[in-house]
Amino acid sequence: MNPDLNDTLSKTRRKQISHELQALGKALGELPRHVLKQLELPEALTTALLEWQDIKAHEGKRRQLQLIGKLMRGLDDELVQKLQQRLDNDAKQTREQTAQFHRLERWRERLLEDDAVLTEWMTHYPQTDVQHVRALIRQARKEQVEQKPPKAYRELFQVLKTLGQVS
C-alpha cells in the first residue's frame, strides 16, 4: 500500500484495507503449494504462506496470518490487484465448472426419466453415439431397479461430460 496514501486515510479505512489484505493473504495460503510457488511473490511472503499451511494449531495459524497481513501491506498496489484478479478468475472458473457439472447431472436425470429426452440431447450434441448412450441408460435404469452399484449411471455421466466439453 502506498505510504503517502496511508497518511490521508482514516484509521477505520486503513484497518479495513489491512483486513482485506489479510483475507487476500489467507486466500493465497489456501492455494496448492505448487501454485503458490509459481506466483511472483516476495520470498518472505511465499515462505510465510507455506509455513501457514504447515501450522496446525489455531493460535499459531492466527499469528502467522497476522504476519502474512503485515507482509501483504508491504506489496505494491499493482501486485495486489494482480493477485486479487487471479483469485477472482480462479473462483469464476470453479463456479463455471460447477454449473456445467450440475447441468450435466440434470441431463442425466432427465435421460433416465424419459426416453424422449434423448432426442432433445441429440439436437444439442449430434456427435453422440446414440446406441451406446441408450445402452447406458437401460443399464443405469436396471441398476436402480435392482439396487446394484451405479456403474452405468457413472459411466453415462462420463460420456455426457465428454460430449458436453467437445461442443
Do the side chains of R141 and D115 get close enough for a salt bridge, i.e. N-O under 4.0 angstrom? yes

Is it true that, when you exclude Q131 itself, more than 12 heavy atoms of the residues, nucleotides or ligands shown sit nearer than 6.0 Å to its CD? no

Acceptor/donor pairs from residues 101-112 side chains to any protein atom, 3.5 angstrom cut, sequence neighbours excluded:
residue, atom, partner, partner atom, Å
H102, ND1, E105, OE1, 3.3
R103, NE, Q100, OE1, 3.3
R103, NH2, Q100, OE1, 2.8
R108, NH1, Y153, O, 3.3
R108, NH2, Y153, OH, 3.4
E109, OE2, Y153, OH, 2.3
R110, NH2, E120, OE1, 2.5
R110, NH2, E120, OE2, 3.2

Might you point out which heavy atoms bring L50 and R33 nearest each other, and give the distance in Å? O-NH1, 3.6 Å

Considering only heavy atoms from C-beta outward, does the side chain of R73 approach that of K70 to under 4.5 Å? yes

Please check this pair: side chain of T47 against backbone of E43, looking for a donor-acceptor N/O pair closer than 3.5 Å. yes

List the steps, then state whether side-chain contact (heavy atoms from CB on, under 4.5 Å) holds for M72 with L67. CA-CA 9 Å; M72 292 291 295; L67 172 63; over 6 Å; no

Going by distance alone, is a donor N or O of one side chain under 3.5 Å from an acceptor N or O of the other, for Q84 and D88? yes

Within a strict 4.5 Å, meaning less than it, do heavy atoms of the L160 and T128 side chains meet? no

Enumerate the residue pairs fulfilling salt bridge (charged side-chain N to carboxylate O under 4.0 Å, His left out) with a member in residues 15-24, sequence neighbours excluded, ordered by first and then second residue. R13-E20

Take atom CD in Q38; do more than 12 heavy atoms of anything else shown fall under 6.0 Å from it? yes

Quick check: are there more than 12 heavy atoms from other residues, nucleotides or ligands sitting under 6.0 Å from CD of E40? no

